[in-house]
Amino acid sequence: TSLEMAAGPLVGLRLQVPIDGDVCDIEIDVPVRPERDTPDAHVARVLAMRLTAQHGLPCYAESLVEEAIASQLARMRKARYDAEWNSIPPPTSAIEALVDQLCPAADKEAEAEAEIAARRQELHQAVIHAGQLPTMLAHEQECARAIGALLEEREFDLGTLTRRLEAEISATRSEQNQISSLAAQLKMAQDNHASKLHAMYASQREAYWAVMASLASGTSPPPTTIRPAVPEREPEADGRAGSVGADDIFRRFGQEVGGLFKAVPRLARTASRKISDEEALPPPTPLLEESFTVLLGTQMKTMHNLRLVTGDIVEMLRPTPDNAAQRASAAIALFSSRIAGVVLPTQAREPCAPFVALCEASTDFHFAPLPEQVAAVRDTLARAGKPPLQPGDAYLSRHSNLCGAHVAIHVVVDDDEVQSDRLSTRHTALTALRHAFRCALEHSVETLAMPLLFTNNATGLTDGWILRRAELMLKAIKGFIMEGVVGTESLMRTFELVLPKGISPKVFDDIAAMVPTIYRVSAARTLRARPRRA
């Protein structure tokens, strides 16, 4: 039977359908649609209906005929796909040669980067062992001051352009051309300052390692310039090298005076801003701190230090003259087993903004900048076919320019959910925190700091909310520590739990009173000798 359903070549099908104990042989010609390889299930259903009606078969045989046609078409489809796959030619020798050429090049590049990192690590340790740690830290401070001056200049320029753009947008008679021109100037200024910043990072790294090599070898360090050097004056054509004429004197005097008048308004704004900031600042709040020695475990107990402190966790990582001893300690322990870490709640789109600004304020001489490390994490997830960062994930970044931390564990959370009162033990924020503690304990992080309330701002938080969140977090951290220390090296670790600065001393005392009720605290006992009986 020939069925004219669609234009195309006819494919002969022979079907054997069991009906009433007998086998009925049916031969049909099925047309193949041009836009498809073989007819689909709908065509098989239509064919079964027409065959049943044409041959006078019982109604219950329609499903049997449809199944037979569908199975036959599936076999034909598989045979067609196998034939097309076998017809694909194998990779050419040129592609194979290119792969063989690129793989060794990538391996050599990775080996070279690992060799450079190992050499710099040895150089860092040699400088410290040679007693040149103060010189190294002083050079790092000079580099940080140069970066700070460049960042202040960027802030001033971008702030000026931003205010002009906002004024043009708010004006009623502004033309679109003026707004577009200012937006283009702002974008150009952003790109220009980013290029200057990256260039200064690169020049400071090169100069830094030259100075470190000379310090390790005991020779005098080479003269380095933190800022780009001004080109020296070339000799005059008449051979009078270094001679200066009257015109040159007046031109240089004009340049210096002009630069002075350009700098005066900026210095005045900076001074006024500092004065206004000092006037607007509230009186300094006293630092609240309490330390505990806790015992965890049932059979094999481990001892740890638990420290409650108030403050801004990001500002605690900023190198300042007041914490020079902590910065020196962090530099000494950079490549040792006494690693310090910090847990930072962050968004899925970008890391914590204050922490990004802190890392940008100085050059990292050992590791890649923070944006490059985050981009590498995202690229790794994309190449592995995994979804992007989402609440519940945690990733790690390495740093050598911080005070009191070598690694930062970024915990991806949702700010709206974290600020709510619906945080439970199965929440994604606590899941990410569990991953952070497991990573820190498995890699022998000796000191770990984290915000206890998952926030650095106490504005708008009630005392009841703070106490409930603190109790939940203390219990969760206890479970994470007991789970993470299993199978790891038994070290006495320090966990620094940071509370916001705005909480009252009464709330801090209530939180400190929770610790002995949740943890087993080691307390000193006073032994007195009994008087002897007469």
Side-chain angles (χ1 to χ4, degrees), residues 143-205 225-230 254-278 280 312 314-315 318 344 346-364 368-379 388-389 397 399 401 410 415 456-457:
C143 294
R145 277 193 286 269
I147 295 292
L150 190 61
L151 292 178
E152 288 183 0
E153 182 181 353
R154 182 188 68 175
E155 181 183 358
F156 173 75
D157 293 342
L158 297 184
T160 304
L161 290 175
T162 303
R163 286 190 295 270
R164 288 179 56 190
L165 181 60
E166 291 176 354
E168 290 292 337
I169 292 175
S170 60
T172 56
R173 296 183 179 180
S174 297
E175 296 182 359
Q176 186 64 30
N177 295 334
Q178 296 178 357
I179 297 176
S180 301
S181 176
L182 285 176
Q185 292 180 18
L186 180 60
K187 181 65 171 61
M188 186 180 301
Q190 291 175 351
D191 297 341
N192 186 21
H193 283 288
S195 177
K196 287 182 180 179
L197 192 61
H198 287 295
M200 184 171 286
Y201 285 155
S203 62
Q204 285 187 359
R205 288 192 188 96
T225 54
I226 306 302
R227 284 190 175 275
V230 179
Q255 292 176 355
E256 293 178 358
V257 172
L260 178 62
F261 277 106
K262 289 182 180 179
V264 165
R266 186 178 305 175
L267 294 175
R269 279 189 293 270
T270 304
S272 63
R273 185 168 62 248
K274 289 182 178 179
I275 294 174
S276 62
D277 292 344
E278 291 177 359
D312 191 343
V314 177
E315 290 299 324
R318 186 182 301 277
L344 296 173
T346 182
Q347 296 291 314
R349 298 184 301 272
E350 56 185 8
C352 177
F355 185 71
V356 173
L358 175 61
C359 295
E360 192 182 36
S362 59
T363 305
D364 197 322
L370 178 61
E372 295 183 9
Q373 297 190 43
V374 177
V377 172
R378 299 183 189 278
D379 294 342
L389 294 173
S397 61
H399 306 275
N401 56 344
H410 305 267
D415 279 346
N456 290 325
N457 189 8

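- With sequence neighbours excluded, the residues forming a side chain to side chain contact (heavy atoms under 4.5 Å, CB included) with Thr162 are Glu166, Leu186, listed by chain and number.
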Q: Start with the C-alpha distance between Leu165 and Ile179, add both sets of side-chain angles, then the distance that settles side-chain contact (heavy atoms from CB on, under 4.5 Å), and finish with yes or no.
A: CA-CA 7 Å; Leu165 181 60; Ile179 297 176; 4.0 Å; yes

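- Listed by chain and number, the residues in a salt bridge (charged side-chain N to carboxylate O under 4.0 Å, His left out) with Asp379 amount to none (sequence neighbours excluded).
- For the atom pair OG1 of Thr160 and CD of Glu155, the computed distance is 10.0 Å after rounding to the nearest 0.5 Å.
- Listed for the Ser195 side chain is no donor-acceptor partner under 3.5 Å among the backbone atoms of Asp191.
- Pairing each heavy atom of Leu182 with each of Arg164, the nearest pair is CD2-NH2, 3.4 Å.
- Distance check, rounded to the nearest 0.5 Å: CD of Glu372 to CG of Asp364 gives 10.5 Å.
- Separating the CD atom in Glu168 from the OG atom in Ser180 is a distance of 11.0 Å, to the nearest 0.5 Å.
- In this structure, the separation between CD on Glu315 and CG on Asn456 is 10.0 Å, given to the nearest 0.5 Å.
- For the 3.5 Å distance criterion, the side chains of Ser397 and Gln373 fail to qualify, holding no donor opposite an acceptor.
- With rounding to the nearest 0.5 Å, the separation of CZ in Arg318 from CG in Asp312 is 9.0 Å.
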Q: Begin with the C-alpha distance, continue with both residues' side-chain angles, and end with the deciding distance and a verdict on side-chain contact (heavy atoms from CB on, under 4.5 Å) for Leu370 and His410.
A: CA-CA 11 Å; Leu370 178 61; His410 305 267; 4.1 Å; yes

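- Two residues are said to be in side-chain contact when any heavy atoms from C-beta on lie closer than 4.5 Å; Leu150 and Arg145 fail this criterion.
- Side-chain contact between Ile147 and Leu151: present, with at least one pair of heavy atoms (C-beta onward) separated by less than 4.5 Å.
- Crowding of Arg378 atom CZ: a count of heavy atoms from other residues, nucleotides or ligands under 6.0 Å exceeding 12.
- The two atoms that bring Met200 and Ser203 nearest to each other are O-OG, 2.9 Å, heavy atoms only.
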Could you give the side-chain donor-acceptor pairs of residues 351-361 under 3.5 Å, partners two or more places apart or in another chain?
from: Glu360; atom 1: OE1; to: Arg154; atom 2: NH2; distance (Å): 3.2
from: Glu360; atom 1: OE2; to: Arg154; atom 2: NH1; distance (Å): 3.1

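- In this structure, the separation between CD on Glu153 and CG on Asp157 is 5.5 Å, given to the nearest 0.5 Å.
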